[in-house]
Amino acid sequence: MGYEKWCRAALKFQTATLTICGTILVTLLTANGLGRYILHRGLSWSDEVVRIMFVWGCFIGMTSAFITDGHIGFDTFAKLNTTTLKISRFINGTCLVAIGVAVAVYGTQFTARMGKFPLPASHIPIGYLYSAGVVAGVIWIIIGIGKIIYSFKANGKEER
């Protein structure tokens, strides 16, 4: 599977995941609101589940921006010509690998120390919340390596 096909497949998966998460978020928040104001009893655990899903959704959204080159800083430079596009993609990939390593390593250490403690209402281990950063860091490393490799192989044509 080529880099461009992988990007399209990853974005479709992310869109489906965000759609499911968004639907669950809205349903939980609505049920909690209705329960609190109509039945005078809310779902104490729903706020925690919504928080976990929101954090995961933010990391998924950031990852899709990395895949689509949705950054402002390099955009003007990258679109000058084929050479600047390759240089931009290489720098972008290198920075993404470095950030991904930092997030994955330090996120793993933090999650290992703090992740076993349960959230107060749902008793879900807080590691589910913190592991979003670890997973995102690993995915950012993979995307960064792909961008570095693609920067040497790309012929300057944008297929997206």
Pairs under 3.5 angstrom only: tabulate donor-acceptor contacts from the side chains of residues 93-120 to other protein residues two or more places apart or in another chain.
{"unit_1": "Thr94", "atom_1": "OG1", "unit_2": "Phe90", "atom_2": "O", "d": "2.8"}
{"unit_1": "Thr108", "atom_1": "OG1", "unit_2": "Ala104", "atom_2": "O", "d": "2.5"}
{"unit_1": "Thr111", "atom_1": "OG1", "unit_2": "Gly107", "atom_2": "O", "d": "2.7"}

With sequence neighbours excluded, give me every ring-ring contact (aromatic ring centres under 6.0 Å, His included) pair touching residues 8-36.
->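 Output for this query is empty, none listed.
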
Is the backbone N or O of [Y] less than 3.5 Å from a side-chain atom of [X], with the two atoms forming a donor-acceptor pair by type?
| X | Y | result |
| --- | --- | --- |
| Ser151 | Ile148 | yes |
| Thr84 | Asn81 | yes |
| Asn32 | Gly42 | no |
| Gln14 | Thr63 | no |

If you group Ile, Leu, Val, Met, Phe, Trp and Tyr whenever their side-chain heavy atoms sit less than 4.5 Å apart, what else falls in with Ile142?
->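 Answer for Ile142: Val138.
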
Who else is in the cluster with Phe54 when I, L, V, M, F, W and Y are joined by side-chain contacts under 4.5 Å?
->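 Listed partners: none, Phe54 stands alone.
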
Could you pull out every donor-acceptor pair under 3.5 Å between side chains of residues 19-26 and any protein atom, sequence neighbours left out?
{"unit_1": "Thr19", "atom_1": "OG1", "unit_2": "Thr15", "atom_2": "O", "d": "2.7"}
{"unit_1": "Thr23", "atom_1": "OG1", "unit_2": "Thr19", "atom_2": "O", "d": "2.8"}

When hydrophobic residues are tied together by side-chain contacts of less than 4.5 Å, even through go-betweens, does Met62 share a cluster with Leu18?
->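 Each belongs to a different hydrophobic cluster.
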
Hydrophobic cluster membership, Leu34 vs Leu39, 4.5 Å side-chain cutoff =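 In one cluster with Leu34: Leu39, yes.
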
If you take all heavy atoms of [X] and [Y], which pair is closest and at what distance?
| X | Y | answer |
| --- | --- | --- |
| Ser44 | Ala121 | O-CB, 3.4 Å |
| His123 | Glu48 | N-OE1, 4.4 Å |
| Leu43 | Ala31 | CD1-CB, 4.1 Å |

With respect to Ile60, which candidate in Ile139, Val55, Thr17 satisfies the side chain to side chain contact (heavy atoms under 4.5 Å, CB included) definition?
->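 Filter result, single survivor: Thr17.
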
Enter the distance from [X]:[atom1] to [Y]:[atom2] here, rounded to the nearest 0.5 Å.
| X | Y | atom1 | atom2 | result |
| --- | --- | --- | --- | --- |
| Ser46 | Arg36 | OG | CZ | 7.0 Å |
| Leu11 | Ile67 | CG | CD1 | 5.0 Å |
| Tyr150 | Ile143 | OH | CD1 | 14.5 Å |
| Lys147 | Ile145 | NZ | CD1 | 13.0 Å |

Show me the donor-acceptor pairs within less than 3.5 Å that the side chains of residues 129-137 make with the rest of the protein, sequence neighbours left out.
{"unit_1": "Ser131", "atom_1": "OG", "unit_2": "Gly127", "atom_2": "O", "d": "2.9"}
{"unit_1": "Ser131", "atom_1": "OG", "unit_2": "Tyr128", "atom_2": "O", "d": "3.2"}

